[in-house]
Amino acid sequence: MDEKDMGTDLAKVLISKDEIDAKLAELAERIDADYRGEDVLIVGVLKGAVMVMADLARTLHTPVTMDWMAVSSYGMGTKSSGVVRILKDLDTDISGKHVLIVEDIIDSGLTLSWLLSNLRSRGPASLEICALLRKPDAAKVDIDVKYVGFDIPNEFVVGYGLDFAEKYRNLPFVGTLAPHVYGG
Ligand code: PRP
């Protein structure tokens, strides 16, 4: 799916595929340097992190194992509810492991804040976060994020894993939607 397939639904491309690729290469270089010689478990937070996980994992030189969690924080709309529950837990016991959580976006930060304390209680050797996108103006809690791709304005974004009502996840770029899509 690309810009042309979006017709009038796309307002603008915020971050292009090339910019995402370049940023993932930068992040992967830092992660490779920081975890040299270590076994790393990368944990993707479904569903949004699927694209970042797939592309970051393939850019890394570090051999990683992969696991997935699904938590819910949003309904079908665009507002964070702050309510987090586990829809799918890890298959792996993370105690004593170097764990890197991979996220597509940090909005209010409520999901990750909850996830951090949940995973920390399982006794990993280390626990860090890699997020492609972060909205500093939307933060409701402070989170220490070691690897951040882009700080973006507090606008609703779709693409590269991010959805609106489950659509647009398969765009190769991150963009904003035209108001009519929201029923405006
Ligand atoms: C998105 C995103 C993060 C979370 C961030 O997931 O992937 O997990 O929201 O929001 P927060 O910082 O305000 O908590 P979402 O719940 O929309 O699920 P999805 O990944 O399946 O689309």
Side-chain angles (χ1 to χ4, degrees), residues 1 6 9-11 13-15 17 19-20 23-24 27 31 41-57 64 66-92 94 99-122 124 127-177 181-183:
M1 194 178 184
M6 290 290 285
D9 288 358
L10 183 71
V13 175
L14 202 64
I15 306 169
K17 182 183 184 316
E19 289 169 322
I20 293 171
K23 186 60 76 176
L24 288 180
L27 292 175
I31 293 167
L41 172 71
I42 57 173
V43 170
V45 186
L46 293 167
K47 305 170 193 163
V50 165
M51 306 296 178
V52 196
M53 277 285 274
D55 287 343
L56 178 69
V64 294
M66 299 166 87
D67 204 345
W68 302 88
M69 264 185 101
V71 296
S72 76
S73 62
Y74 288 8
M76 292 294 278
T78 61
K79 288 255 165 64
S80 177
S81 68
V83 178
V84 178
R85 65 197 168 99
I86 296 181
L87 304 176
K88 185 222 166 286
D89 207 338
L90 296 175
D91 297 331
T92 323
I94 62 167
V99 176
L100 178 63
I101 302 172
V102 177
E103 262 288 27
D104 49 341
I105 190 164
I106 304 173
D107 204 311
S108 67
L110 293 168
T111 305
L112 265 179
S113 164
W114 181 89
L115 203 57
L116 275 177
S117 59
N118 182 288
L119 295 187
R120 206 172 276 135
S121 72
R122 307 183 194 195
L127 183 61
E128 299 292 351
I129 298 164
C130 175
L132 181 69
L133 308 171
R134 179 173 64 180
K135 292 181 181 172
D137 297 341
K140 290 191 178 145
V141 280
D142 252 354
I143 301 176
D144 190 15
V145 187
K146 190 157 187 184
Y147 309 100
V148 182
F150 302 91
D151 279 325
I152 60 169
N154 192 7
E155 291 178 275
F156 192 79
V157 288
V158 296
Y160 201 69
L162 291 149
D163 72 306
F164 173 66
E166 295 301 325
K167 286 173 68 184
Y168 310 112
R169 291 192 198 273
N170 61 324
L171 286 170
F173 55 83
V174 175
T176 53
L177 292 172
V181 180
Y182 303 108

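Here the structure is a predicted model, which is why all the values come from computation and not from measurement. Numbering of ligands and ligand atoms starts at 1, following listing order.
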Atoms of ligand 1 close to Leu46 [distance to a heavy atom under 4.0 angstrom, numbered from 1]: 20 (O), 21 (O)
Indicate yes or no: at least one non-hydrogen side-chain atom of Val52 is less than 4.5 angstrom from one of Glu103. no
I'd like to check which ligand 1 atoms, numbered from 1 as shown, lie under 4.0 Å from a non-hydrogen atom of Ser108. 11 (P), 12 (O), 13 (O), 14 (O)
Taking only non-hydrogen atoms of Gly109 and a 4.0 Å limit, the atoms of ligand 1 in range are 11 (P), 12 (O), 13 (O)
Is the shortest side-chain heavy-atom distance between Leu115 and Val84 below 4.5 Å? no
Does any N or O atom in Ile105 lie less than 3.5 angstrom from one in ligand 1, N or O only? no
For atom 7 (O) of ligand 1, the option (of Leu115, Val52, Asp104) bearing the nearest heavy atom: Asp104
Have a look at ligand 1 and work out which part of Arg169, if any, has a heavy atom under 4.0 Å from it: side chain, backbone, both or neither. side chain
Close N or O approach (Ser72, ligand 1; < 3.5 Å): no
Spacing of CD1 belonging to Ile101 relative to CG belonging to Leu127, to within rounding of 0.5 Å: 4.5 Å
Neighbour count above 12 (heavy atom, 6.0 Å) for Lys146 NZ: yes
Quick check on contacts: which atoms of ligand 1 are under 4.0 angstrom from a heavy atom of Asp163? 22 (O)
On a heavy-atom basis, the closest approach of Asn154 and Ala138 is OD1-CB, 3.6 Å
Is there a polar contact, in the sense of an N or O pair closer than 3.5 Å, between Ile106 and ligand 1? no
Any donor-acceptor N/O pair, Lys88 side chain to Trp68 backbone, under 3.5 Å: yes
Take atom CG of Asp137 as the centre, draw a 6.0 Å sphere, and report whether it contains more than 12 heavy atoms from other residues, nucleotides or ligands. yes
Counting heavy atoms only, which part of Thr111 comes closer than 4.0 Å to ligand 1: side chain, backbone, both or neither? both
Pull out every atom of ligand 1 sitting under 4.0 Å from any heavy atom of Glu103, numbered as shown with elements. 2 (C), 3 (C), 7 (O), 8 (O)
Ile143 and Leu116: which non-hydrogen atoms are nearest, and at how many Å? CG2-CD1, 3.7 Å
